[in-house]
Protein chains: 2
Amino acid sequence: MKSIHIDYEMAEATLAEADARAGEADAAVAKLYEKDMAFTGWVDYAAHFPEDELSRIERTAAEIAGKCDAFVVIGIGGSYLGARAALSFIDRPDSKKPGAWPEVFFAGFNVSGTYHQRLLDKLEGRDVCVIVISKSGGTLEPSVAFLTLKNYLYNKYGQAGAHERIYAITDAKSGKLKAEADANGYASFVLPSDIGGRYSVLSPVGLLPLAAAGLDIRQMLSGAASAEEPGLVAAAKRFACVRAVLEGQKTVETVSFFDPSVEDFTAWVLQLFGESEGKDGRGVFPAPVGISRDLHSLGQFLQEGRQIFYETLLFVEDPTADITIEGADAGDYAGRSYSEFARAVLEGMAKAHRGVDIPIIRVYIPDNSAYSFGQLVYVFELTCAVTGLLMGVDPFNQPGVEAYKKGMLDYLAQT
Amino acid sequence: MKSIHIDYEMAEATLAEADARAGEADAAVAKLYEKDMAFTGWVDYAAHFPEDELSRIERTAAEIAGKCDAFVVIGIGGSYLGARAALSFIDRPDSKKPGAWPEVFFAGFNVSGTYHQRLLDKLEGRDVCVIVISKSGGTLEPSVAFLTLKNYLYNKYGQAGAHERIYAITDAKSGKLKAEADANGYASFVLPSDIGGRYSVLSPVGLLPLAAAGLDIRQMLSGAASAEEPGLVAAAKRFACVRAVLEGQKTVETVSFFDPSVEDFTAWVLQLFGESEGKDGRGVFPAPVGISRDLHSLGQFLQEGRQIFYETLLFVEDPTADITIEGADAGDYAGRSYSEFARAVLEGMAKAHRGVDIPIIRVYIPDNSAYSFGQLVYVFELTCAVTGLLMGVDPFNQPGVEAYKKGMLDYLAQT
């Protein structure tokens, strides 16, 4: 199968400096594979996924798909961004059949009454299940979303009926959600204690909802396992070295997607990079750019504004669907296809940005398959972890997230 | 009616420096209102919208709504971001009735075969119209989307039937699309020559699709006209002075929305700011942040990463829907409502960010009405234009956008 490959266009001195750090990157990868620090459970998880756990996920997913035509995934940050990215990215053979699989909604990442009311309106007249994802069960946003949805299920199915429609992914032993799941008899899965939220999409956190939505999670795991092969590990190491060097030169990394199917994956990347690397006064701020959309907006800034960027471009080489332009009005475009235009946009943009010396990293993604998605996730996870270690920060903690939580709870206590 | 208001939390020296520029801001506003430069047609457009044009937009919109249950708006940049922002933001009294108004899709801002195939799949079995928006008719992305959709309409309705389902918004006199609209008899509207794309949402560009989707465009125009009153002009001027001063201190402006209904408006702001101010090696790069979502991702970076930010927060004060938390499990949250939690998140985040000296601008939006949307659009347009003039750049051109177009056409010519 074709694999992800990564090309670089930037000053030779930058690449030379990056390549001079290859030994450090080797040491970082060795440290990760030895699990010589907390939260490194993901490094070999896909390749060694326990078959009994995987089978139980698939059986439970089939049960969910049989029971409802819509389900709500409740979670914040890494508890939903990965599943959303996969749903947008991966094409299914039966994607044309509306209703073949339940529709997926997300909640728990905001405290908007408008959002939740609109969500409840969309669920009207449908059979609904809920998958709630929280390590502790204590975070405010998913807690109140879960209370709202639980109330909705209680009114609709009664308490016992509702409990059969709630699935929990939580800590193995402790926490509010674990206690509630045990008391109410929710089917539940363990959120592995050595895998952090933003590295969790290939755990039950992502796999259960994705399987229930009809995606091939075995292919996804195979793709991720394939990225543990030396060639892709080497690619991730070089990507990390280049990013670590650029961190000394630039303050913003634009992460650009050309195909809208990659937009939600981009959001997942932003969390991964931002939360892993933005600490100790360090890091390059990751910002999303949609192509061609933003070439008619932020493109102006990239071309002629303050030069604070480097670019990471996400390009799907062999998209699922291509369309050839036909018709009497087609003129110069007649016989050309979308995939040709996409290449032209990529090359046109790269040429324009080379002209103003923006460093460019091109990540070529083979296709929109579940396998490629798994591979992509792993390459980015490894790249991010190695970049953090090269920068000298812990890529797996997020101490800064507590500050707003504390401020919020203080405010609630006073009002 | 309640109006937008804007609060500032930052160093007193920064605010003093901003207030010292008030005279310059007065001069900038005067220059704009005298239309003493190109592309200033928007400054009094909403307040003086010609009644005959508005009536024709409403009649045509009613015709579109009667003819189809789905329509596709084809445009790039300012030709679609404003309409999309309004559709997400504005609540309609009958929003609960699916099918009361046609569903709106967008195309023309990417060259993805996957995207267009998925779009065509969604249109299957539905009655469809197309609104195509382009000044010249020559830009690649909307041109190929239009060719694809036109082919689809031809196959479905025949050529004559299709022409009755195509609506064009284009130049008054010249260009490929104008010629085609005349030849094929499309109902068409004029894209005002003195209003640029990113300032065009309150022209036919936004008003026709929004009216066809059932929104109250007269309320929207009233809201925009209300923002020409001295109080709101003064608010925009101060906002611009603060932004101009912060441009000397920071490299990234995060634009944060608390309610998901404001997410697409945020994307419109990014275009407005990025394309207007990012030139001559200047500008602060605008990046979107979704709250609470990104407090569990980029929030880490904001709190503890490199301090390159100031923040513009978009907060809806009186959201359309609120939900009170109830139920036996509600614990401490019982009797509390989403709107209280939203305030707590706002105050918690502000406190956390004050603690690390991030300058904060709070934009309070009264509600999700069409009136507030119009007011919001005008306040941001005026703020952006004045900021550009204070920086000494032309906020209405976008010379940098041509570079990728040229590179793209060169590539196509060679392949």
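All chains are named by letter (A, B, ...) in the order of the sequence lines, taking the proteins before the strands, and each is independently numbered beginning at 1.
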Q: Could you tell me which portion of B/Asn151 (side chain, backbone, both or neither) has an atom closer than 4.5 angstrom to a non-hydrogen atom of chain A?
A: side chain

Q: Quick one: of A/Leu147, A/Leu295, A/Asp259, who has the most non-hydrogen atom pairs under 4.5 Å with chain B?
A: A/Leu295

Q: At a 4.5 Å cut-off on heavy atoms, which part of B/Lys405 comes close to chain A: side chain, backbone, both, or neither?
A: side chain

Q: Quick one: sort the B/Tyr80 and B/Phe106 rings into parallel, tilted or perpendicular, breaks at 30° and 60°.
A: tilted

Q: Can you tell me which of B/Asp322, B/Thr415, B/Val393 forms the most heavy-atom pairs within a distance under 4.5 Å of chain A?
A: B/Thr415

Q: Go through the atoms of A/Val252 and report whether side chain, backbone, both or neither lie under 4.5 Å from a heavy atom of chain B.
A: side chain

Q: Do B/Glu263 and B/Arg293 make a side-chain contact, defined as non-hydrogen atoms from C-beta onward lying under 4.5 Å apart?
A: yes

Q: Side chains of B/Tyr154 and A/Asp329: does their closest heavy-atom pair fall under 4.5 Å?
A: yes

Q: Do the side chains of B/Leu298 and A/Pro286 get nearer than 4.5 Å, heavy atoms only?
A: yes

Q: At a 4.5 Å cut-off on heavy atoms, which part of A/Ser337 comes close to chain B: side chain, backbone, both, or neither?
A: neither

Q: Tell me whether B/Asp91 is salt-bridged to A/Arg118, with the criterion being a basic N under 4.0 Å from an acidic carboxylate O.
A: yes

Q: For residues A/Val345 and B/Glu141, determine if any side-chain heavy atom of one lies less than 4.5 Å from a side-chain heavy atom of the other.
A: yes

Q: Do B/Leu120 and B/Thr148 come within less than 4.5 Å of each other through their side chains, counting heavy atoms only?
A: yes

Q: Is A/Glu275 close to chain B through its backbone or its side chain, or both, or neither, when contacts mean heavy atoms under 4.5 Å?
A: both

Q: As an exercise: rank A/Phe146, A/Phe273, A/Phe285, A/Phe109 by heavy-atom pairs under 4.5 Å with chain B and give me the winner.
A: A/Phe285

Q: Side chains of A/Ile166 and A/Asn184: closer than 4.5 Å at any heavy-atom pair?
A: no

Q: Report the option among B/Gln398, B/Lys176, B/Glu340, B/Met349 that has the most heavy-atom pairs separated by less than 4.5 Å from atoms of chain A.
A: B/Gln398

Q: Count the heavy-atom pairs under 4.5 Å between each of B/Ser261, B/Ser276, B/Gly283 and chain A, then report the option with the highest count.
A: B/Gly283

Q: Given the options A/Gly327, A/Ala342, A/Ser79, which has more heavy-atom pairs under 4.5 Å with chain B than any of the others?
A: A/Ala342

Q: Tell me, side chain or backbone of A/Asn110 under 4.5 Å from chain B's heavy atoms, or both, or neither?
A: both

Q: Tell me, out of B/Pro260, B/Ala403, B/Gly299, B/Ala287, who's got the most heavy-atom pairs with chain A below 4.5 Å.
A: B/Pro260

Q: Heavy-atom distance under 4.5 Å between the side chains of A/Leu270 and A/Pro288, does that happen here?
A: yes

Q: Picking from A/Lys406, A/Lys150, A/Gln414, which has the most non-hydrogen pairs under 4.5 angstrom with chain B?
A: A/Lys150

Q: If I measure from the heavy atoms of chain B, does A/Asp294 come under 4.5 Å with its side chain, its backbone, both, or neither?
A: neither

Q: Checking A/Arg282 against chain B: side chain, backbone, both or neither under 4.5 Å from a heavy atom?
A: backbone

Q: Are A/Gln303 and A/His353 close enough that some pair of their side-chain heavy atoms sits under 4.5 Å apart?
A: yes

Q: Quick one: ring pair (Phe, Tyr, Trp, His ring centres under 6.0 Å) partners of A/Tyr338, sequence neighbours excluded?
A: B/His116

Q: Is a side-chain N or O of A/Thr254 found less than 3.5 angstrom from the main chain of A/Ser256, in a donor-acceptor match?
A: no

Q: Between A/Val356, A/Val284, A/Thr320, which residue shows the highest count of heavy-atom pairs closer than 4.5 Å to chain B?
A: A/Val284

Q: Report which part of A/Tyr404 has an atom under 4.5 Å of a heavy atom belonging to chain B: side chain, backbone, both, or neither.
A: both

Q: Please determine which of A/Glu277, A/Glu247, A/Glu253 meets the salt bridge (charged side-chain N to carboxylate O under 4.0 Å, His left out) test together with B/Arg306.
A: A/Glu247

Q: Does any backbone or side-chain atom of A/Thr324 lie under 4.5 Å from a heavy atom of chain B? Answer side chain, backbone, both or neither.
A: neither

Q: Specify which of B/Gly355, B/Ala352, B/Ser339 makes the most heavy-atom pairs with chain A at under 4.5 Å.
A: B/Ala352

Q: Heavy-atom distance under 4.5 Å to chain B: side chain of A/Leu140, backbone, both or neither?
A: both

Q: Relative to chain A, which of B/Gln307, B/Arg343, B/Lys351 shows the most heavy atom pairs under 4.5 Å?
A: B/Arg343

Q: Between A/Glu180 and chain B, which part of the residue has a heavy atom less than 4.5 Å away: side chain, backbone, both or neither?
A: side chain

Q: Can you tell me if A/Asp410 has over 12 outside heavy atoms packed within less than 6.0 Å of its CG?
A: yes

Q: Could you check which of A/Ile323, A/Leu412, A/Leu409 has the highest count of heavy-atom pairs closer than 4.5 Å to chain B?
A: A/Leu412

